[in-house]
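Following: one structure in structure tokens, then a few remarks.
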Amino acid sequence: MSTPNTLQQALLDWFDKNQRDLPWRSSYTPYQIWISEIMLQQTQMDRVTVFFSRWMNTFPDIATLAMASEDQILKCWEGLGYYSRARNILKTAQILVERHEGRIPSSRKELLKLPGIGPYTAGAIASISFNRDVPVVDANIERIFARLFNIDLISGSPEAKRIHWQKAETLLPPKQARNFNQGLMELGALICRPKKPDCSLCPLAPYCLALKHDLIPERPIPKKSTKILPIEMATGVLLHNGQLFIQQRLEDDVWGSLWEFPGGRLKLGETPEQTVVREFFEETEFKIEIDSKITTTIHHFTRYKVTLHCFLVTLAQQDSDPVLHAAQEFKWIPFTALASHAFPAGHRKLINHMEESGFFLNQSPCKPD
DNA sequence: CAGTCGTGGCA
DNA sequence: TTGCCAAGACT
């Protein structure tokens with residue numbers, strides 16, 4: 001066996017021997033690469049593989065996907081976060097059927113026109129699925145280049161990105177973009193990790209300037225971290241005639257198009273109970289009364305740590321339809337239908353708590369005497 | 001361009 | 001426990 005004499009060949013050899021066995025690496029079909037790349041945006045591999053398998057069982061091809069409802073898509077995506085990704089997948093599937101004969105374009109330029117596909121993902125689909133000579137730069141590659149070329153710029157800054165895309169294009173070996181691009185990202189995930197990189201196993205170690213100058217711990221230069229803000233919220237599970245009230249959030253808001261129980265943030269000096277009453281009226285014009293406390297849960301989203309106070313509430317008025325001010329739709333549903341709707345993680349936690357605690361058993365509309 | 005969008009795992 | 005982190009896109 002010959003010793004690789006270029007950086008490119010060293011990486012290709014390493015990837016050939018050390019790549020992980022992933023569901024979409026058996027066939028590299030455009031559809032599977034597209035979905036996997038969207039799922040992998042800001043999401044870790046171990047989490048994605050489970051969702052990917054379920055997705056492919058539910059929507060085996062583009063035609064099936066294009067005919068699905070937004071609710072079905074979001075239910076399959078529930079728990080993965082960044083829900084605009086799922087809504088954009090549906091939009092793109094419909095565009096593909098209408099304008100592209102149901103197929104994914106192979107050129108970076110055409111891919112960039114599709115919703116949810118930006119510079120990284122367009123390059124990833126073009127190179128990984130079609131083996132086009134197109135570079136990619138993701139967070140892994142930014143980290144590798146910052147070390148490999150000892151880049152003295154803040155990680156993720158516009159200036160660093162510009163230089164890294166230029167480097168990626170220069171380095172790309174012809175006709176091998178699929179394995180070279182994946183090789184870089186795989187190296188970032190397995191060897192050139194954010195913390196404790198394993199330089200002793202790195203095929204690029206002979207070429208690495210940061211390693212040469214003993215600057216690995218200083219590269220990349222971290223961006224200043226965003227602070228986690230603790231906030232308090234309150235929500236009400238409205239039970240009426242054995243049915244639960246849920247509403248569907250606005251599309252361009254957080255958790256867009258997901259279902260939820262009404263509620264919101266506590267205002268200064270407000271008790272959680274007061275918040276639920278106020279929010280219910282502001283969002284639905286329902287006048288409600290607090291029945292009882294269900295639980296308090298804690299969850300994180302984006303830069304917030306949320307303490308969520310959860311109450312069982314009842315209508316304090318006669319039957320009438322709500323007037324929605326913070327939602328696009330509403331439904332009255334039985335307990336059993338909660339499972340088929342997509343909820344934000346915090347509300348799903350609440351639902352799970354109610355099920356596990358036998359909460360619903362005590363709320364039967366026909367109590368035995 | 002800087003802010004925003006989720007979530008769960010892990011040190 | 002708290003902070004950091006993950007194969008970015010959109011406005």
Side-chain angles (χ1 to χ4, degrees), chain A residues 15 19-20 22 24-25 32-52 74 77-89 91-92 111-129 135-144 154-162 164-165 168 178 180-190 192-196 220 222-230 249-258 260 297-306 342-349:
Chain A
F15 182 65
Q19 64 177 285
R20 288 170 290 185
L22 301 174
W24 49 89
R25 280 184 179 161
Q32 294 197 357
I33 295 303
W34 167 40
I35 298 302
S36 70
E37 287 301 338
I38 302 294
M39 286 185 171
L40 283 163
Q41 292 171 3
Q42 302 289 286
T43 309
Q44 280 156 349
M45 181 69 72
D46 288 342
R47 269 180 77 59
V48 164
T49 51
V50 178
F51 280 86
F52 178 84
L74 289 169
W77 202 270
E78 183 187 41
L80 204 48
Y82 289 130
Y83 296 95
S84 64
R85 294 185 294 174
R87 297 193 305 273
N88 281 334
I89 282 177
K91 289 174 190 167
T92 287
L111 287 162
L112 276 172
K113 295 178 184 171
L114 299 167
I117 297 181
Y120 164 76
T121 307
I125 296 173
S127 63
I128 297 176
S129 186
V136 295
V137 174
D138 74 329
N140 284 306
I141 296 181
E142 288 219 54
R143 183 173 59 256
I144 292 173
I154 292 177
S155 173
S157 66
E159 176 73 352
K161 278 190 186 300
R162 194 179 59 75
H164 290 152
W165 275 97
R178 167 183 292 166
F180 184 76
N181 288 346
Q182 284 194 100
L184 280 177
M185 293 188 279
E186 196 82 336
L187 187 72
L190 301 180
C192 195
R193 298 172 300 239
K195 296 173 186 172
K196 298 184 183 175
K223 54 192 138 190
K224 54 180 175 185
S225 61
T226 53
K227 236 189 174 161
I228 303 295
L229 303 177
R249 296 180 60 85
L250 301 176
E251 178 171 344
D252 55 2
D253 202 353
V254 194
W255 304 301
S257 295
L258 269 69
E260 66 168 6
T297 67
I298 293 175
H299 66 279
H300 291 79
F301 83 93
T302 316
R303 65 180 193 282
Y304 300 105
K305 176 187 179 181
V306 183
F343 286 85
H347 286 208
R348 179 54 67 188
K349 259 187 197 175

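Protein chains get the first letters and strands the later ones, always in sequence-line order, with residue 1 at the start of each. These numbers were taken from a predicted model, which means no experiment stands behind them.
In this structure, the separation between CG on A:Leu22 and CZ on A:Phe52 is 9.5 Å, given to the nearest 0.5 Å. Rounding to the nearest 0.5 angstrom, the gap separating the CG atom in A:Leu74 from the CD1 atom in A:Ile89 is 10.0 Å. For the atom pair CG (A:Leu187) and CD (A:Gln182), the distance works out to 13.0 Å, reported to the nearest 0.5 Å.
Note that the first and last nucleotides of DNA chain B, 5' to 3', having any atom under 4.0 angstrom from a heavy atom of chain A are B:dT4 to B:dG8.
Within residues 180-189 of chain A, the residues that have a heavy atom under 4.0 Å from DNA chain C are, in order of number, A:Met185, A:Glu186.
C:dA7 sits 23 Å from B:dA2 when the P atoms are compared, rounded to a whole Å. Spacing of P atoms, B:dG6 relative to C:dT11, comes out at 14 Å, to the nearest Å.
For A:Trp77 and A:Phe51, the gap between ring centers reaches or exceeds 6.0 Å. The six-membered or imidazole ring of A:Trp255 lies near that of A:Phe301, with a centre-to-centre distance under 6.0 Å.
The phosphate of C:dA7 (OP1 or OP2) has no side-chain N or O of A:Gln41 nearer than 4.0 angstrom. Put simply, A:Ser225 has a side-chain N or O that comes within less than 4.0 Å of OP1 or OP2 on C:dC4.
In terms of position on DNA chain B, the residue among A:Lys196 and A:Lys349 whose nearest nucleotide sits closer to the 5' end is A:Lys349. When the nearest nucleotides of DNA chain B are assigned to A:Arg303 and A:Arg47 by heavy-atom distance, the more 5′-ward of the two goes with A:Arg303.
At a threshold of 4.0 angstrom between heavy atoms, the contacts of A:Arg348 with the nucleic acid are absent. In this structure, A:Arg249 reaches neither bases nor backbone, as no heavy-atom distance under 4.0 Å exists between it and the strands shown. Residue A:Gly79 is classed as a sugar-phosphate contact, given heavy-atom separations below 4.0 Å to backbone atoms only. Among the heavy atoms of the strands lying under 4.0 Å from A:Gln44 is at least one base atom, whether or not backbone atoms are also near. When heavy atoms are screened at a 4.0 angstrom cut-off, A:Pro115 is found touching the sugar-phosphate backbone but no base atom. As judged by a 4.0 angstrom heavy-atom cut-off over every strand, A:Leu80 is placed among the base-contacting residues. When heavy atoms are screened at a 4.0 angstrom cut-off, A:Thr121 is found touching the sugar-phosphate backbone but no base atom. No contact: A:Ala124 has no heavy atom under 4.0 Å from any strand. Base contact: A:Arg25 has a heavy atom under 4.0 Å from a base atom.
Separating the OH atom of A:Tyr82 from the P atom of C:dA9 is a distance of 12 Å, rounded to the nearest angstrom. As rounded to whole Å, 19 Å separates atom P of C:dC5 from atom CE of A:Met45. Taking atom CZ of A:Arg85 as the reference point, atom P of C:dT11 lies 16 Å away to the nearest angstrom. Straight-line distance from the CG atom of A:Leu114 to the P atom of C:dA9: 12 Å, rounded to whole Å. Taking atom NZ of residue A:Lys224 and atom C1' of nucleotide C:dG3, one finds them 17 Å apart after rounding to whole Å. Atom NZ of A:Lys195 and atom C1' of C:dC4 are 5 Å apart (whole Å). The interatomic distance linking A:Phe301 (CZ) with C:dG3 (P) rounds to 17 Å, in whole Å. Following rounding to the nearest Å, A:Lys305 (NZ) and C:dC4 (P) show an atom-to-atom distance of 15 Å.
By the 4.5 Å heavy-atom criterion applied to side chains, A:Leu229 and A:Lys305 are not counted as neighbours.
There is a side-chain donor-acceptor pair under 3.5 Å between A:His164 and A:Glu142. One side chain, A:Glu37 or A:Tyr120, offers a donor N or O that lies under 3.5 Å from an acceptor on the other. With 3.5 Å as the limit, one finds no donor-acceptor pair spanning the side chains of A:Arg85 and A:Gln42.
By the 6.0 Å contact criterion, CG on A:Leu112 is enclosed, its count of non-hydrogen atoms from other residues, nucleotides or ligands being greater than 12.
Under the 4.0 Å criterion applied to side-chain N and carboxylate O atoms, A:Glu251 and A:Lys91 are assigned as salt-bridge partners.
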